[in-house]
2 protein chains.
Amino acid sequence: MIETTELLKEYQLKATPQRIKIVSMVDEHGHISIEDLYKEMLQEFPSVSLATIYKNINQMIESGLIQEVKIPKTKSVFELIKEPHLHMVCDKCGKIEDISVGTDKVIEEAQRLSGYKIKESFITLRGTCPDCA
Amino acid sequence: MIETTELLKEYQLKATPQRIKIVSMVDEHGHISIEDLYKEMLQEFPSVSLATIYKNINQMIESGLIQEVKIPKTKSVFELIKEPHLHMVCDKCGKIEDISVGTDKVIEEAQRLSGYKIKESFITLRGTCPDCA
DNA sequence: TCTCAAAGGAAAATTATTTTCCAATAAAGG
DNA sequence: CCTTTATTGGAAAATAATTTTCCTTTGAGA
């Protein structure tokens with residue numbers, strides 16, 4: 001609780017109960033959609049508006065606290081910004097998980113071949129997870 | 001022209017003038033948004049409907065002829081499905097280009113660490129292109 | 001050609017997201 | 001603690017994005 005409050009303040013966002021809840025949910029779930037955020041939020045704040053979710057998510061993105069993860073054929077989800085990592089999506093159950101894999105060599109080679117000065121990378125892999133195999 | 005027609009037939013899609021135009025535009029541009037597709041289409045087919053664009057794009061995705069490229073903070077674009085490649089996005093001018101970089105090692109390691117049987121990969125890198133540097 | 005399943009277009013319907021406006025409130029200062 | 005004030009939350013409307021419906025037209029095989 002206190003940690004979430006502190007986190008919001010670090011990012012210059014007033015720590016309102018709704019925001020604290022949003023950040024906690026993103027943190028707990030790892031990845032969560034607007035729709036799920038809203039459904040879960042309603043249990044604790046029965047009068048919360050979808051506009052509140054959208055406004056806050058957008059502010060948190062602008063502040064650099066969270067980011068949107070866009071995956072082909074699925075709804076976007078949001079996650080806290082953390083160490084670079086990649087996303088594994090299961091084509092059977094839809095589960096999304098993070099894994100840490102060294103991508104330095106790929107990025108370095110891409111930079112060399114393209115001449116771009118690379119600042120961010122978004123990597124998603126889709127396949128079947130061990131549970132669904 | 002004839003090539004596009006053939007391509008559509010290969011994918012079991014009736015080769016209508018509108019579809020031929022859509023595929024040609026996707027091919028010429030490399031990456032193109034719904035909005036740009038519509039604007040350009042209007043010049044040749046003044047009465048085309050956005051619904052036609054959407055319906056066709058969705059059918060082409062289902063058929064495996066094209067795919068959506070989703071990039072954080074930008075509109076989706078569509079491209080013909082071809083050899084695996086990654087996308088470079090310029091954070092200044094917004095240009096998107098393909099490059100071929102070996103990603104086998106990353107995918108192999110991800111597969112080993114996660115236990116997933118990986119089937120597809122989506123890799124986007126953002127940075128500044130040589131022209132904007 | 002003829003036939004007909006499939007496609008295109010107009011408009012409505014749905015879904016997603018943003019904006020407006022005003023009452024409520026977190027947080028800083030006394 | 002108790003004000004003060006800029007910011008936020010919520011309701012509703014507005015806007016944007018996408019899909020569906022329904023009916024007319026048409027590509028492609030017989």
Side-chain angles (χ1 to χ4, degrees), chain A residues 1-2 4-25 32-63 65-78, chain B residues 1-2 4-25 32-63 65-78:
Chain A
M1 295 291 150
I2 285 188
T4 302
T5 302
E6 295 309 317
L7 189 60
L8 283 166
K9 290 191 183 171
E10 271 177 45
Y11 285 85
Q12 338 260 1
L13 297 167
K14 203 153 95 177
T16 65
Q18 292 88 339
R19 276 189 184 150
I20 292 168
K21 179 67 178 172
I22 290 173
V23 175
S24 310
M25 287 187 290
I32 188 167
S33 67
I34 293 284
E35 191 185 346
D36 290 346
L37 226 27
Y38 183 53
K39 281 187 196 159
E40 194 171 330
M41 190 96 171
L42 276 175
Q43 295 172 217
E44 195 165 325
F45 301 87
S47 71
V48 76
S49 158
L50 254 180
T52 297
I53 311 276
Y54 278 111
K55 281 189 284 196
N56 280 310
I57 286 292
N58 286 331
Q59 285 167 327
M60 290 174 193
I61 289 173
E62 280 164 41
S63 316
L65 173 52
I66 67 174
Q67 65 186 356
E68 182 172 5
V69 180
K70 289 181 158 194
I71 299 172
K73 301 178 199 236
T74 66
K75 285 188 193 172
S76 285
V77 292
F78 300 84
Chain B
M1 296 288 152
I2 285 187
T4 302
T5 301
E6 295 310 317
L7 190 59
L8 283 166
K9 291 191 182 172
E10 271 177 45
Y11 285 84
Q12 337 262 0
L13 297 167
K14 205 153 95 175
T16 65
Q18 292 88 338
R19 277 188 184 151
I20 292 168
K21 178 67 177 173
I22 290 174
V23 175
S24 310
M25 286 187 289
I32 188 167
S33 67
I34 293 284
E35 191 186 346
D36 290 347
L37 227 27
Y38 182 53
K39 281 186 195 161
E40 195 172 329
M41 190 97 171
L42 276 176
Q43 294 170 218
E44 196 165 324
F45 301 87
S47 71
V48 75
S49 157
L50 253 181
T52 296
I53 311 276
Y54 278 110
K55 281 189 282 197
N56 280 311
I57 285 291
N58 286 332
Q59 284 167 328
M60 290 174 193
I61 288 173
E62 280 164 41
S63 315
L65 173 52
I66 67 174
Q67 67 185 355
E68 182 172 6
V69 180
K70 289 181 158 193
I71 300 172
K73 298 176 201 237
T74 66
K75 285 187 192 173
S76 285
V77 293
F78 300 85

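A, B, ... follow the sequence lines: proteins, then strands. Residue 1 opens every chain.
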Exercise for review: Consider only side-chain N and O atoms of Q18(A) and T52(A), and report whether a donor and an acceptor are under 3.5 Å apart.
Suggested key: no

Point to revise | Gap between atoms OH and P, on Y11(B) and dA28(D) respectively (whole Å) | key: 18 Å

Revision key, fill the gap. Interatomic distance, CE@M41(B) vs OG@S47(B), rounded to 0.5 Å, equals 9.5 Å

Review point. Given dG8(C), is OP1 or OP2 found less than 4.0 Å from the side-chain N or O atoms of N56(B)?
Key: yes

Review point. Of E68(B) and S47(A), whose closest DNA chain D nucleotide lies nearer the 5' terminus?
Key: S47(A)

Exercise for review: May I ask you to evaluate whether Q59(A) reaches the phosphate of dT7(D), defined as a side-chain N or O under 4.0 Å from OP1 or OP2?
Suggested key: no

Check your understanding: In whole angstroms, how far is the C1' atom of dA10(C) from the OH atom of Y38(B)?
Key -> 11 Å

Review point. Which part of the nucleic acid, if any, lies within contact of Q12(B), taking any heavy atom under 4.0 Å across all strands shown: a base, the sugar-phosphate backbone alone, or nothing?
Key: nothing

Practice item. Name the closest nucleotide to the A51(A) side chain, picking from dT19(C), dT19(D), dG10(D). Key: dT19(C)

Practice item. Considering just the side-chain nitrogens and oxygens of S49(B), establish if one lies under 4.0 Å of OP1 or OP2 belonging to dG8(C). Key: no

Revision key, fill the gap. So OG1 of T16(B) and CD1 of I22(B): to nearest 0.5 Å the spacing works out to 7.5 Å

Check your understanding: Roughly how far, to the nearest 0.5 Å, is the CD1 atom of I53(A) from the CZ atom of F45(A)?
Key -> 10.0 Å

Revision key, fill the gap. Taken to the nearest whole Å, CG/L50(A) to P/dG10(D) is 11 Å

Check your understanding: Can a side chain N or O of N58(A) be found less than 4.0 Å away from OP1 or OP2 on dT17(C)?
Key -> no

Review point. Within the side chain of K70(A), is there an N or O that forms a donor-acceptor pair under 3.5 Å with the backbone of V77(A)?
Key: no

Check your understanding: Between atom NZ in K39(A) and atom P in dA16(C), what is the gap in whole Å?
Key -> 11 Å

Please write out each protein N/O paired with an N/O of nucleotides 24-27 of chain C under 3.5 Å, distance rounded to 0.1 Å.
unit_1, atom_1, unit_2, atom_2, d
dA27(C), OP1, A15(A), N, 3.0

Exercise for review: Using atom CG of L42(B) as one end and atom P of dA10(C) as the other, report the distance to the nearest whole Å.
Suggested key: 10 Å

Check your understanding: What's the CD-P distance between Q18(A) and dG9(D), to the nearest Å?
Key -> 5 Å

Review point. Can you find a side chain N or O atom of Y54(A) that sits less than 4.0 Å from OP1 or OP2 on dT17(C)?
Key: yes

Practice item. Would you confirm whether S49(A), through its side chain, and A51(A), through its main-chain N or O, come within 3.5 Å as a donor-acceptor pair? Key: yes

Revision key, fill the gap. By nearest-nucleotide position on DNA chain C, the 5'-leaning member of M41(B) and I34(A) is M41(B)

Revision key, fill the gap. To the nearest angstrom, the NZ-P distance between K70(B) and dA16(C) comes to 12 Å

Review point. Are the side chains of I61(B) and Q67(B) in touch, meaning some heavy atoms are under 4.5 Å apart?
Key: no

Check your understanding: Over how many whole Å does the gap from L37(B) atom CG to dG8(C) atom P extend?
Key -> 13 Å

